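In what follows, a structure is listed as structure tokens, so that the remarks can point back to it.
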Amino acid sequence: MTVGGAAAGRARVGENLNRALHGLLEDDPSVYVLGEDLLDPYGGAFKITKGLSTRFPGRVLTTPLSEGAIVGAASGLALAGGKAVVEIMFADFAALAFDQILNFAGKSVSMYGHRVPLPLVIRCPSGGHRGYGPTHSQSPQKHFIGIPGLSLFEMSPFHDNRAVLDRMLALGEPCLLFEDKVLYTRRMYEVDELFTWELVGDVAVVRLDTGGPGGLEIPSGDLDYVLITPGGVAHRALAAMRTLLLDHDLTGVLMVPSRLYPLDLSDLLPLLGRAPLVCVAEDGSAGGTWGDHVAADLHTRLWGRLRRPVRLVSSADSVIPTAAHLEREVLVQDSTIRRAVLEGLDG
Amino acid sequence: MAEIRVPKLNTNDSAYVLLEWLVADGAPVRGDDVVASVETSKTVEELVSGHDGILVHLVPAGADCTPGQPIARITSHPAPVAAGSGEALPSTAPLITAPAQALIDELGIDPARVRALPVKVVRRADVERLAATGAPPPAPPATQGLALSAEAAVPETPPSPLPTALSPAVTPPGETPPAVVPPAAVAPSIVPAPATSAAVASPGAAPDSGVPAGESVQRLSGNQRAVGRTVSLSHRTIPAAYTAIKVDVGKATAAARDLTKRLRKLVGLPDLLIAAVARLHQDFPLCFATLLDEDTAAVPDAPDVGVTIDLGTGLYVPVIRDAHDKGIEEIAGELAGFRRLAQRGGFRQEHLDGGNIVVTLHHDRDIVMAVPIVFPGQACALALTSPQREGERTVAVIGLAYDHRLVNGRDAVLFLQALKEGLEAASFEGL
């Protein structure tokens, strides 16, 4: 268990990721980075690969516009003893690499009769709230859940990206890293002054700062609900928690895992089992979601202890409109989460 | 004294980093000096002073700043400015949750005792604990002191919260109630104000008064209350009449399409209608007039056409001023600007004041008729419905609601026929 907090630094999440890639390439000569338009001076659509090609020419490869080809080449590179980090410009286009991910990368780890390491990270800038419209704003995590040999991670303001990248590559299996675009300009490790957070294994646990001791011994008076969200939804969850506290006197705990799938909440089950309400909030569109998967898992493992059904919050069953006011209606807002908690506790 | 504010540099960012000050705090600057660099998620931009004088930093280098935020002052005198004077010491008073505050009020607990609690947030449970500790609750309110029954307190609360909720005197901060009340003629004094507006101050007191079981009280937004006041006043004071006419808009919609292509700017039937209405000002001055008393009306020199816009954030009636002097392009541009403001809520009073006729738009499919209200202080309000196919042609219905004291049925029909003629001729070439 590590204690975080304001002292840990104030870099922006995007900078943290950029530095993580610099450090990774510097420390490990077998790492390659592939993607579209990531050479300097452009440095990638969101500047996450800025400066890499200048420092590491020959290991930072700009590619043609073909996600299938990029992921295929990177998988081959990883099978041949290298380590590959792929940048997909927008997570929406990961669908174009689906065959390579499902049928090649995922299966290559285990289908040759003995285990073959395939250290591959596919970075996917995801999410909306930027007016980019239906084809550049999705959170397609749900489409990649349940593929044997494939792990899903999501960037968060609480998880150091270098540690996450190292962990993914050490798995020796293909991994997707979802990066909610709205996080790039947010600060690392910062929460509202009312809250404090710490890492419990893989999961960042945020709760009301009572000045008391840390750990998961949260008094029942401070546990009206638990929110579970991927990193991209964390700030909206925090905003909802603030309103729930100040307007409704309700305190809860927010859990932000780094690895979304497979998800391990074992250490947190005692706390989840005591919560009057568990709510999972995510940005993917409704139906067959990551939240469904988490809820099914919790219902099974906490059967008899859960006081209510796990409440699910997701974007509407809709494409994502470009117009800001319509986009707002479709995507999850802090008010959506607040309402779900209030309704959940009422029901 | 002037300010340097951070411009909106990149639409995708809500915050930038003030990278560095290029001119020291307290140093003299010229208007074209570059004083600071600001980093967005994409680029580094330099900010120019814009004024001569002495630069006073308001934000330290390395700090976050948001678009519109003042980051420096430029003064004419070198005044001694204490370092960090802009940053007040953080207040040690805790935040108080709404339920906790309600309990504090109910129990009459001394605010000083609450502020002294060693927590960041005072919650209801904290107040309960505080109330249970020995310290004597200082001077509880008289009705609470009796502590006989809940009924004892009832006379203190308003008999029915519903009428008072509509009181014009109650406006939550941050809302702009006059937004939909265009003419200055509508002074709040015309509206009879219920006497007990002060009682609304504690909405938490609502439950035990006048609300039938199975129903709950919903507080109307400031904007909606303002709409309500205007509509009530209109219905109470204006003997309104209504006439509608069918207009062949085939040529007009084609003209709008052509203009859209030619001007590279969205032009629609509403823009053409506004222009056509404005051109009738000369021939039908009373349709633009304000009734002063039974005998007289004020006739304006120019048509200032209000347009209703409601994108779900509230009803607004911004005004296109001197519309008779404006081309379609200019009208379309202004209307587009108003829609953007409606979406973001940036209307200022000057956008909304002074209309002397109103056009209401009902472009949703298959709407065939809408009766607009005549705003107090005006004579006419028009409603445009969506175009619909009728055999070979495309028609829209234009309705005219009018104050019968100023305009008679015959005038209304002539006005509408002139309007129809103008739109069907589609002589928008010169516009």
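In what follows, chains carry the letters A, B, and so on, assigned in the order in which the sequence lines appear, proteins first and then strands, with residues in each chain numbered from 1. Since this is a predicted model, take the numbers as computed values, not measurements.
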Are the ring centres of B:Tyr316 and B:His351 closer than 6.0 Å? no

Under the criterion side-chain hydrogen bond (donor to acceptor under 3.5 Å, both in side chains), which of A:Lys50, A:Arg162, A:Arg55 is the partner of A:His22? A:Arg55

For each of B:Ile96, B:Val122, B:Val121, tally heavy-atom pairs with chain A at distances under 4.5 Å, and name the one with the top tally. B:Val121

Ionic contact status for A:Glu327 with A:Arg130, cut-off 4.0 Å: no

May I ask you to decide whether A:Asp283 forms a salt bridge with A:Arg236, counting only side-chain N to carboxylate O separations under 4.0 Å? yes

Can B:Asp110 and B:Arg113 be counted as an ion pair, charged N to O under 4.0 angstrom? no

Given a strict heavy-atom distance threshold of 4.5 Å, which part of A:His248 is in contact with chain B: side chain, backbone, both, or neither? backbone

Flag the one option from B:Lys120, B:Arg124, B:Arg123 with the top tally of heavy-atom pairs under 4.5 Å to chain A. B:Arg123

Please classify the contact of B:Ala100 with chain A as side chain, backbone, both or neither, using a heavy-atom distance under 4.5 Å. both

Okay, A:Arg186 and chain B: the region with an atom under 4.5 Å from a heavy atom over there is neither

